[in-house]
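Treat the numbers as computed from the prediction; the structure is a model and nothing was measured. Each chain gets a letter, A, B and so on, in the order the sequences are listed, and its residues count up from 1.
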2 protein chains.
Amino acid sequence: MGNARKISMKTLERIVLYKRILGDLAAKGQKTLYSHQLAELAHNSPAQVRRDLMITGYSGTPRRGYTTEDLIKKISVTLNETAEQKIALVGIGNLGRAILAYFNYQQPSFSIAAAFDSDETRVDRVIAGCRCYHLREFESKVKELGVTLGIVTVPASSAQTVADMMVSAGIKAILNFAPVPLKVPSNVFADRIDITMALEKIAYLASIK
Amino acid sequence: MGNARKISMKTLERIVLYKRILGDLAAKGQKTLYSHQLAELAHNSPAQVRRDLMITGYSGTPRRGYTTEDLIKKISVTLNETAEQKIALVGIGNLGRAILAYFNYQQPSFSIAAAFDSDETRVDRVIAGCRCYHLREFESKVKELGVTLGIVTVPASSAQTVADMMVSAGIKAILNFAPVPLKVPSNVFADRIDITMALEKIAYLASIK
DNA sequence: TATTACTTGTGAAATAAGTCACAATGTGAA
DNA sequence: TTCACATTGTGACTTATTTCACAAGTAATA
Ligand SMILES: NC(=O)c1ccc[n+]([C@@H]2O[C@H](COP(=O)([O-])OP(=O)(O)OC[C@H]3O[C@@H](n4cnc5c(N)ncnc54)[C@H](O)[C@@H]3O)[C@@H](O)[C@H]2O)c1
Ligand SMILES: NC(=O)c1ccc[n+]([C@@H]2O[C@H](COP(=O)([O-])OP(=O)(O)OC[C@H]3O[C@@H](n4cnc5c(N)ncnc54)[C@H](O)[C@@H]3O)[C@@H](O)[C@H]2O)c1
């Protein structure tokens with residue numbers, strides 16, 4: 001869309017975090033803050049914060065810092081959060097259900113519009129306010145509901161098949177919890193959250209301390 | 001421990017992935033492979049694979065490539081996987097239970113030794129083979145069982161308190177699922193998996209495609 | 001009003017990560 | 001055995017990210 005400047009992955013991740021921190025502060029009534037305060041809360045440096053905020057185009061004022069509400073709004077615009085996006089989750093297992101339950105409470109710029117599974121015993125019900133359908137209804141529901149994002153919580157062996165289905169249904173970005181990299185066309189973005197890998201990582205880091 | 005060379009986070013993450021891929025190939029009977037094949041499966045470049053493998057000290061042979069089993073062993077040694085590590089999970093909610101259920105099936109170089117919660121109704125039972133205790137028993141159980149790793153799956157408001165408790169019980173590394181950075185002393189490592197952030201990230205990336 | 005004391009935004013430098021490209025080398029074929 | 005050649009390991013280069021450091025600017029104070 002509009003945003004001319006390209007945001008690096010690292011900066012993207014941090015400004016999402018900044019927005020959340022700012023939201024908490026705003027809820028507590030804090031009107032302004034300095035880069036060093038945001039840095040403290042985000043566990044990084046003031047220079048990093050200021051550099052990251054450059055891409056939003058928002059300018060603080062010297063000596064006064066940033067206005068909480070304005071900065072939140074500017075980050076939201078930068079993140080194109082104007083239009084709410086809909087998510088389809090595939091794989092109503094333990095992890096899938098935890099995610100469904102969680103994102104019902106939350107109300108960010110996206111919502112899980114529908115969930116799917118290939119197991120007949122897991123479909124045709126409502127979990128945490130989200131309807132569960134059989135996988136065969138995937139493409140039609142995605143199109144009907146205007147889904148643009150996908151969450152993959154199926155076993156690794158089925159993850160690529162599910163991703164392919166998402167791509168052909170027109171989904172634009174996928175978050176994959178299966179421990180296998182997905183192959184998607186270059187006009188689709190796929191990210192992976194690999195919990196096992198994260199554990200092996202901390203196991204290594206504990207072992208060298 | 002022994003490992004002189006410092007592994008970068010990026011390389012660490014990738015060699016963990018390589019090991020898993022190699023394990024799958026070995027299970028299917030593949031004896032050797034080339035850097036370009038591993039790159040294909042890991043979704044990166046052959047040069048990246050070879051560069052990453054340098055820190056293991058393992059050398060393949062030109063024209064024949066890498067011997068699957070040998071490379072797996074060398075990565076395991078690099079990752080100090082000789083001694084199995086024990087994990088304590090705190091927060092037996094939706095996500096915590098999904099994780100408990102999952103890591104019971106798996107048998108890697110670590111296992112979840114005990115789970116804890118502050119809610120009386122969630123303790124004194126066994127979930128997926130893992131005993132659940134009240135949080136007040138945390139320190140004694142951690143020491144009794146020799147736990148070195150912690151998983152935090154409590155609400156954001158309690159995450160820092162739980163982390164502090166883990167640190168004072170002697171835990172060396174923490175994996176945190178709460179959407180808030182943890183403050184830990186420099187001899188402890190804290191990593192965070194932020195699912196909401198990952199979703200906001202793909203939402204942004206979908207919006208610019 | 002002039003001055004002081006901080007904070008911002010950002011070029012420039014430093015560091016980290018990734019890619020290229022090629023000499024060295026072992027393999028399999030003849 | 002000899003040779004052709006695909007593959008490895010790595011120095012050098014490129015690109016990305018972070019940090020430094022300081023001019024410019026604003027609010028508070030006197
Ligand atoms: N639960 C965890 O803590 C955890 C940790 C690490 C990785 N993971 C990964 O997350 C994924 C889900 O884990 P889980 O614990 O929820 O597993 P699970 O077995 O509880 O759930 C998997 C679900 O996917 C469904 N499914 C299987 N094949 C399907 C297909 N082709 N189409 C649609 N649905 C299908 C199953 O019916 C089941 O409901 C797995 O890839 C797993 O490796 C989970
Ligand atoms: N479930 C998800 O998909 C999801 C997604 C994003 C983030 N998260 C984060 O993961 C964490 C857990 O999420 P969840 O969905 O499992 O929540 P949940 O409410 O289902 O579970 C939280 C558990 O922690 C326990 N708890 C609360 N305070 C505690 C304390 N001080 N000590 C010990 N136990 C305590 C509660 O009794 C409960 O059992 C939260 O921080 C949440 O923000 C979860």
Name the closest nucleotide to the [X] side chain, picking from [options].
X        : options                  : value
Ser8(A)  : dT17(D), dT8(C), dG28(C) : dT17(D)
Arg51(B) : dT7(D), dC20(C), dT27(C) : dC20(C)
Gln48(A) : dT27(C), dT19(D), dT7(C) : dT19(D)
Arg64(B) : dT8(C), dG28(C), dA27(D) : dG28(C)

Taking atom [atom2] of [N] as reference, at what distance in whole Å does atom [atom1] of [X] sit?
X        : N       : atom1 : atom2 : result
Arg63(A) : dT26(D) : CZ    : P     : 13 Å
Ile55(A) : dT17(D) : CD1   : P     : 12 Å
Met54(B) : dG11(D) : CE    : C1'   : 9 Å
Leu53(B) : dT7(D)  : CG    : C1'   : 13 Å
Arg50(A) : dT18(D) : CZ    : C1'   : 13 Å
Leu71(A) : dT8(C)  : CG    : C1'   : 13 Å
Tyr34(A) : dA27(D) : OH    : P     : 11 Å
Arg14(B) : dT19(C) : CZ    : C1'   : 12 Å

Item to check | Of Lys10(A) and Tyr58(B), the one whose closest DNA chain D nucleotide lies more 5' | outcome: Tyr58(B)

Next on the checklist: Within this structure, what is the CG-CD1 distance for the pair Leu199(A) and Ile87(B), rounded to the nearest 0.5 Å?
Outcome noted: 4.5 Å

Checklist entry - Which part of the nucleic acid does Ser59(B) contact within heavy-atom distance under 4.0 Å: base, sugar-phosphate only, or nothing? => result sugar-phosphate

Checklist entry - So, Ser8(B) versus Thr11(B): side-chain donor-acceptor pair below 3.5 Å or not? => result yes

Next on the checklist: I'd like to know if the side chain of Ser207(B) pairs up with that of Gln85(A) as donor and acceptor (distance under 3.5 Å, no hydrogens or angles considered).
Outcome noted: no

Checklist entry - Is a salt bridge present between Glu144(B) and Lys141(B), judged by a nitrogen-to-oxygen distance below 4.0 Å? => result yes

Checklist entry - Tell me, which of residues 35-45 of chain B have any heavy atom that sits under 4.0 Å from an atom in DNA chain D? => result Ser35(B), His36(B)

Checklist entry - Should the heavy atoms of other residues, nucleotides or ligands under 6.0 Å from CZ of Arg64(A) be counted, would the total exceed 12? => result no

Checklist entry - Should we say atom CD of Gln37(A) is surrounded by more than 12 heavy atoms from elsewhere, each under 6.0 Å from it? => result yes

Checklist entry - Is there a donor-acceptor pair closer than 3.5 Å between any side-chain N or O of Tyr58(B) and the backbone N or O of Thr67(B)? => result yes

